[in-house]
Amino acid sequence: MSDAKENGLFLQDTMSRSKSKVFAEKEDLLRFYCCGPTVYGAAHIGNFRTFVAQDLFRRVTECNGLKTLHVRNLTDVDDKTIRGSIKAGQGLKKFTDHWKDRFHNDCSALGLLKPHVEPSAVAHIAQQIQLVENLLKLGHAYTSEDGSVYFRISSFGEYGKLSKLKSRDLSTGASRRTTVDDEYSKESLGDFALWKGRRPEDGDNFWESPWGQGRPGWHLECSAMCREYLGDSFDLHSGGEDLVFPHHENEIAQSICSSGKPFARHWFHIAHLMVDGGKMSKSLGNMYTLDDLTNKGYAPEVVRYALLSGHYRQPLNFTFSSLEAARSAIGKLLQANNLLGGGDSPSYEDSLARGSSELGPFNASWEALLDDLNAPKALGALFSAIKKIDLAGLMGNEKDNLRSSFWFILNAFGICLPKVGAIKDPPTKIKVLAEKRLQARLAKNWADADKHREKLNEAGWLVRDVPSGFELIPK
RNA sequence: GGCGCGGUAGCCAAGUGGUAAGGCCGAGGACUGCAAAUCCUUUAUCGCGAGUUCGAUUCUCGCCCGCGCCUCCA
């Protein structure tokens, strides 16, 4: 595939199971939707793997010259948020607002670009009701005695196309997860709730609708908000791979049956993050939040790098040694930056303005990103480029060109380097320790000097000897 | 049972029909305080068997192992 010559980003499409060029159907504005988090607790790093991959997608798209309209929702009403708020003795809004804030802080720490629109389910009840009414009117949905409304999957011939699940043998219940519950109210086991009739356990979390009090089903919000902000048809839809079925399959069914028009043109799914070779789960105690990792001394930039170090279509095995590796790798990039002149780094906007032309030795890295966001290959090419360049022997303007190319790649990745020399005051305790060490060194008391250095290390600071004394670098 | 993915050096992870990027760790060297930081060098025949081929890690088939989804889930 002559990807690079075509000058576009080629990305795997889940629907066709093949790579195709990402393009904007309208006005050079790429309109895309990402399924966001359910705000009932702190997002874990598995969630963030998906959001980081989507961020990489957006950066590469924009660096390649396309403007974007990025919509990512917040699910603030569902079983978990309702249960959580009741348990916490808070109103749903207060409860979810708290976790929304937390999510935003984490996103910012990880260097994620803010979506242009971040709609929440609760703020779009009317649009969801309208969608249900339309589906009822067109005969794709039916009401049940308990005030719920279900989508009839048999009325959508293409149901199962995305996940390649055809006739689902539900009678065997092979997964043994099919429960009887309220299934009697559905015509078919595969039908799913568009609207859930009010139940006692929902507390006061219900809304009025033409079918009585209740709340929207989970799949409905995305369909409604896609339509609200991107229209019936748009360029790309993304989420974690577990959403392929049933969530995205159901969104497709709802949206297409309601509008009669195509839905998303391109489907972008991100594989899961594994921890120590297995699935993350609370019971195994291997489910980490960003805070868990920063508390262990790993900067968010390091976490981001680690999350980018595997290809998005491959499960990524997350371990603490992968964080150590990420930290060291960033240190290496920092050295390269220093050799290229250091100083203020070009911003993301600077890199957008620069564009992707004449990247010199860094071109291979850029091309790897354009070929299905091959981040590991791109990182490999980045380090190879650094190694090849005779940084010390460069003339001034050559250095400037290389520097802007280097930063074009880093900004496309969203990789941040710690700012050596511009570090805000380290804690006094740390400075005192470093000063003690310097005095010990000057007195040639190596044993004490090393003892102090070790203490600094344990506190998360690297001390480096320079002619003027020392530099402190957070690890 | 259905659908799908993967098995590459101590760890992580790309890749190609012609004998394998990169990062981490380890080792050796330079520098140094026989230190740290930094720099240089260095570490694999690609799960098993068969087939196709002049030649396969890369294609085909079979097997073994691991993983994900099959209506909570990024």
Side-chain angles (χ1 to χ4, degrees), chain A residues 14 17 34-38 43-54 78-80 83 153 160 163-170 172-179 183 189-193 218-219 238-247 249-250 269-274 277-281 305-306 309-311 313-333 335 338-339 364-365 368 374-387 391-392 437 441 444-447 449-450 453-454 456-457 462-466 470-471 473:
Chain A
T14 310
R17 308 274 160 132
C34 299
C35 288
T38 301
H44 55 71
I45 52 169
N47 296 310
F48 282 118
R49 184 203 186 180
T50 295
F51 301 132
V52 166
Q54 290 164 342
D78 79 322
D79 290 345
K80 282 175 292 195
R83 211 182 299 138
I153 62 168
S163 57
K164 306 280 184 284
L165 290 173
K166 288 166 193 155
S167 51
R168 287 154 62 241
D169 187 6
L170 292 160
T172 58
S175 66
R176 293 190 170 73
R177 286 167 69 184
T178 306
T179 56
E183 304 298 355
L189 237 65
D191 293 351
F192 58 90
W218 172 44
H219 312 296
S238 172
E241 65 177 355
D242 54 318
L243 298 185
V244 172
F245 188 88
H247 186 56
E249 203 74 77
N250 292 352
H269 288 104
I270 294 101
H272 275 180
L273 184 76
M274 316 286 285
K279 191 177 174 172
M280 266 192 296
S281 76
Y305 185 101
S309 66
H311 187 95
R313 275 199 280 144
Q314 223 52 57
L316 176 66
N317 191 26
F318 177 88
T319 61
F320 280 96
S321 69
S322 69
L323 280 181
E324 295 289 343
R327 183 145 72 190
S328 299
I330 288 176
K332 209 162 188 171
L333 293 175
Q335 284 307 316
N338 289 341
L339 286 170
S365 188
N374 195 333
K377 188 177 184 181
L379 287 173
L382 176 61
F383 284 103
S384 296
I386 289 168
K387 205 170 186 178
L391 290 165
R437 175 170 171 278
R441 288 194 71 227
K444 296 194 189 297
N445 184 346
W446 309 125
D450 289 352
R453 186 179 64 213
E454 200 43 47
L456 285 164
N457 253 308
L462 180 68
V463 62
R464 224 161 44 175
D465 299 323
V466 293
F470 58 81
E471 275 180 354
I473 303 165

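Here is how names work: the chains are called A, B, and so on, in the same order as the sequence lines, proteins then strands, and each is numbered from 1. Values reported hereafter were calculated over all heavy atoms of this structure, with side chains retained and with hydrogens, waters and symmetry mates removed. Computed from a predicted model, the values in this text were never measured in an experiment.
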Residues that A:Asn317 engages under side-chain hydrogen bond (donor to acceptor under 3.5 Å, both in side chains), provided they are two or more places apart: none
From CZ of A:Phe192 across to C1' of B:rC72 the rounded distance in Å is 16 Å
Whole angstrom is fine here: how far is it from CG in A:Leu189 over to C1' in B:rC70? 13 Å
In whole angstroms, how far is the C1' atom of B:rA14 from the NE2 atom of A:His311? 10 Å
Atom-pair distance (CG on A:Leu333; C1' on B:rC24), nearest Å: 13 Å
In terms of the angle between their ring planes, are A:His219 and A:His247 parallel, tilted or perpendicular, with boundaries placed at 30° and 60°? tilted
Whether A:Arg441 and A:Asp465 form a salt bridge (side-chain N of Lys/Arg under 4.0 Å from carboxylate O of Asp/Glu) is what I want to check. yes
Do the side chain of A:Asp450 and the base of B:rG33 come within less than 3.5 angstrom through a donor-acceptor pair of N or O atoms? yes
Looking for any heavy atom pair under 4.0 Å, which part of the strands does A:Gln314 touch: base, sugar-phosphate only, or nothing? sugar-phosphate
Using the side-chain hydrogen bond (donor to acceptor under 3.5 Å, both in side chains) criterion, which residues pair with A:Asn374? Sequence neighbours excluded. none
P atoms of B:rC5 and B:rC39, separation to the nearest Å: 41 Å
Run through RNA chain B and report every stem of 3 or more consecutive Watson-Crick or G-U pairs, distances under 3.5 Å, ordered by first number. B:1-7 with B:64-70, B:10-12 with B:22-24, B:26-30 with B:38-42, B:47-51 with B:59-63
Using nucleotides 18-23 of chain B, report all nitrogen or oxygen pairs with the protein that are shorter than 3.5 Å.
from	atom 1	to	atom 2	distance (Å)
B:rA21	N1	A:Pro376	O	3.4
B:rG23	OP1	A:Lys332	NZ	3.3

Could you list the residues that satisfy side-chain hydrogen bond (donor to acceptor under 3.5 Å, both in side chains) with A:Thr50, not counting sequence neighbours? none
Can you list the residues that meet the ring pair (Phe, Tyr, Trp, His ring centres under 6.0 Å) rule with A:Phe383, with sequence neighbours excluded? none
Please report the distance separating the P of B:rG18 from the corresponding atom of B:rC12, rounded so that it comes out in whole Å. 27 Å
Can you check whether A:Asn317 has a side-chain N or O nearer than 4.0 Å to OP1 or OP2 of B:rC12? yes
